[in-house]
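As structure tokens, the structure follows; a few thoughts come after it.
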Amino acid sequence: MLEKKYDFKEKEKKWQEYWQENNIYKFNENCKKPIFSIDTPPPTVNGKIHIGHIFSYSQAEFIARFKRMTGYNVFYPFGFDDNGLPTELLVEKEKNLKAYTVSREEFSKMCLETVDKYEKEFKDLFISVGNSADWSLMYHTVSPECQKASQLSFLDLYKKNKVYYDNAPALWCTKCHTAIAQSELESEEKSSTFNYLKFYLENSNDYIEIATTRPELLCACDCIFVNPKDEKRQSLIGKKVRVPLYNYYVPILSDDKVDMEKGTGIVMCCTFGDQTDTQWYKKYKLELKIAIDDYGYMTDIAGKYKGLKIKAAREQIIEDLKAQDLLIKQDPIKHQVSVHERCGTEMEIKLKKQWFIKTLENKDKWLELGDKINWHPNFMKSRYVDWVQNLMMDWCISRQKYFGVPFPVWYCKDCGEIIVADENDLPVNPLTSKPKHKCPKCGGTNYEPEKDILDTWATSSITPQINTRWNISDEFYKKMMPMTLRPNAHDIIRTWDFYTIVKSYYHSNIIPWQNVMISGFIMASQGEKISKRKGNANTDPIKLISTYSADVIRYWTATGSLGRDIIFNEDKFKIGARLVNKLYNASKFVWLFIENYAPKENTKLKQIDKWILSKFAEMQKKFINYFEKYEVGLAMNELESFFWNFCDNYIELVKVRLYNPEIYGNEAKESAQYACFYCLFEMLKMFGIYLPHITEEIYQNTYKTLIGALSLHQLQLDAPKVKEDKGLNTNGDEVCQIVSQVRGFKTDNKISLKTKLEKIIISSPNIEFIKQCESDIKDATSALEIIYEKAEKTSTQIQGIIEETN
RNA sequence: GGGAGCAUAGCUCAGUUGGUUAGAGCACCUGCCUUACAAGCAGGGGGUCAUAAGUUCGAGUCUUAUUGUUCCCACCA
């Protein structure tokens, strides 16, 4: 029996605990069913869990539930990404300190404490939204096991010569003072100024004009470039010019990378202002001049500007240029600049010894592998392709940070040889341990440990390997790889998806997963990004769950279609709440009539009952088709509209027959019972994907005694009891239309829907079918008599309103 | 500059391979206590499907162009 009202606050928690206690979602390794495995994104532990997480994770979770009930053994682990820069930034903010002001050990301890706290919160939140991951498979990337896997990955690449240590230009964040990778850049439109400067020719009073946005780099100027095709400037090539303020001379060279249309068509090359400078630096073997230090201050070579921050130096230099009549004019411009995604600081380029993973040399391979993976929706693949085609640099994986996975590497102090750890000793921290052997090159025993840590993506890019026990169980790894599905939002295609493909290829020459499912973003009204700063959306997940319930939040995450951003709109929660309520009430009602009923397969079905079963078959087919395309929202639309049709039309047509077997006979009742039993049961299973709590509550109090399974969520979808019959569907829909017309008549005449009618005249091309439903139509319309007329179109006339005399 | 998505009712969105009169919910209006549900039910108004041309017997759906919008990538001299 179902209680009169459903209290989600009490019940949701109850069932969440029940699922955990009974291991309802636990992966069974020995099960023979085909495996469906999900490489769940380990959320970055950076303190903020937002509604976007809930949205994206729920969409993947629906797939897990769907696959469980359609014959798969679902492997659904969960992890947390809790090492590296994001964690450091969180801790620095929370503790209000800078990592370098305390010891490395002390800082790591703080980091561990902080991630522990947040991981508990994250896990609780995901459980409280009904996530059905197998929590016994949980991992976190800073754990010794993951560190070991990450270091193994590094050593494997090292052996395969896919990683190298080089003094190459790398992107640098002066605020986070670490190297970063191309994928960590974001572009931001910023206002700047083109400064037109006078560069005097050697031994001459003539000057050339050069436009620059970065005059603070004058001290790092190596040479000037013009385009070799630039006829006006041919005579300049080979001459020298004097660098303003610094008064040293640099040569004028030519290179076809110079854009004759931009600025003045003449470029100064500094080490380094941008990517082009690094190319020229290599090509022309230019002198390295470092104007900016690791923290963003001007260096010695800046002369009097030494010690100033970049922007302060720029302002000062412009003043001085003006004073010395070296500044011709200034044009304000707006341009896109690359900034570090985590802090918004403008990117610099620094030359330092860093570790790189080779990505540039296999672009064709990356594209080929991308083609072998099914992208859902397909158009999202273009983001991957764009990214691969435009890669500029190998993947820099060294980070000059403290909290993360260390490189298993030392350097020989005597000869500089790189010494890597033995695989059997992993995980190692080179700061606290030493190689077991002498330097293989010179026999030395003095080692310098590698102090840097690995890019956090270097670890999170092996989540398929971590999940499938790479190097722990070959058997499991071989059985599970490639995984079936990688779900993530579109912002991390270029990082998580790309890097994971790279690593899987290098390690095992395979694709990491067969399918990628890309979800959209949650936007505030007017399509703005949700931002705490703007306060443009009230989207705290915990608050939303306590206001609306987890089921309603989940319902909302299923609206919309895959890959598309959706606008956060609380109206959708109201609809979800209405659905949950209706589902409960409809179940209560149906159960009144099937509580002591066991379906008989030879039940003789009346037309309307056959009709609803056929409509169900139609809906189920669409539902499954959408799920095969990972369109969880469109699948739900189908289910939802079937459900409302079931309530508003079907139940209304059969309820009198169910209530009164003494009038209509047991056979008529049993026919409706059969359809009700089956439809409700299957709908509960299907709604269970989206609304696992309310459906479990209903199942536990109804079908469980007959079915026996511990949980609704262990059940399989059944094949339809009646085959989809298009003609039957149309005919039944017409019956609904007739009933609806009668209701319309009553509403128009402002009379109650239960008011009796003397006579209705039905005109239709399908009189034969409608006649077969006569008693149901009479009951649903309270008509005493029905007269039929053959006609082209369906229409209904009503005669004789019978007034009730109380 | 290159690429992708989107544009359907006041709002948020559906609309499968082209096929009667373009749908839903919210909002708005009207009515109804009906042996599941008033947190409910029944009904109503409201759309030149961004614009233009084309293919077709037939276009919201396919093609091309245009406009608007969002995103990705490149451009940082």
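First the proteins, then the strands, lettered A, B, ... as listed; each starts at 1. Bear in mind the structure is a predicted one, so any value in this text is a computation, not a measurement.
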For this session: Run the ring-centre check on A:Tyr650 versus A:Phe642 and record whether the distance is less than 6.0 Å.
Result: no

Exercise. Is the backbone of A:Gly576 close enough, under 3.5 Å, to the side chain of A:Trp556 for a donor and an acceptor to pair up by distance?
Worked result: no

Problem set entry | Nearest-Å distance once atom C1' is located in both B:rA59 and B:rG19 | 10 Å

Exercise. Between A:Ser561 and B:rA14, is there a side-chain N or O to OP1/OP2 distance below 4.0 Å?
Worked result: yes

Exercise. What about A:Lys574, does its side chain sit under 3.5 Å from the base of B:rC26 through a donor-acceptor pair?
Worked result: no

Exercise. According to the interplanar angle, ranging from 0 to 90°, do the rings of A:Phe573 and A:Tyr548 count as parallel (below 30°), tilted (30 to 60°) or perpendicular (above 60°)?
Worked result: parallel

For this session: May I ask you to verify if any side-chain N or O of A:Lys5 is less than 4.0 angstrom from the OP1 or OP2 atom of B:rA39?
Result: no

Exercise. When you check the phosphate oxygens OP1 and OP2 of B:rC13, does a side-chain N or O of A:Arg564 lie under 4.0 Å from one of them?
Worked result: no

Exercise. Do A:Asp779 and A:Tyr664 have a side chain donor and acceptor closer than 3.5 Å?
Worked result: yes

Exercise. Once each nucleotide of nucleotides 16-21 of chain B is scored for protein heavy atoms under 4.0 Å, what B/S/- sequence comes out, 5' to 3'?
Worked result: -----B

Exercise. OP1 or OP2 of B:rC41 sitting under 4.0 Å from any side-chain N/O of A:Arg578?
Worked result: yes

Exercise. So, is A:Ser740 close to the B:rG43 phosphate, meaning a side-chain N or O under 4.0 Å from OP1 or OP2?
Worked result: yes

Exercise. Are OP1 or OP2 of B:rC76 and a side-chain N or O of A:Thr276 less than 4.0 angstrom apart?
Worked result: yes

Exercise. RNA chain B: A:Glu638 or A:Lys746, which has the more 5' nearest nucleotide?
Worked result: A:Glu638

For this session: Looking at every strand, decide which applies to A:Asp386 at a 4.0 Å heavy-atom threshold: base, sugar-phosphate, or nothing.
Result: base

Exercise. So does A:Gln182 get a side-chain nitrogen or oxygen closer than 4.0 Å to the phosphate oxygens (OP1/OP2) of B:rA74?
Worked result: yes

Exercise. Taking the six-membered ring for Trp, is the centroid-to-centroid distance between A:Phe687 and A:Phe643 below 6.0 Å?
Worked result: yes

For this session: May I ask you to say what A:Phe194 touches in the nucleic acid, namely base, sugar-phosphate or nothing, with a heavy-atom cut-off under 4.0 Å?
Result: sugar-phosphate

Exercise. Distance only, no hydrogens: is a donor on one side chain within 3.5 Å (strictly under) of an acceptor on the other, for A:Gln737 and A:Asp733?
Worked result: no

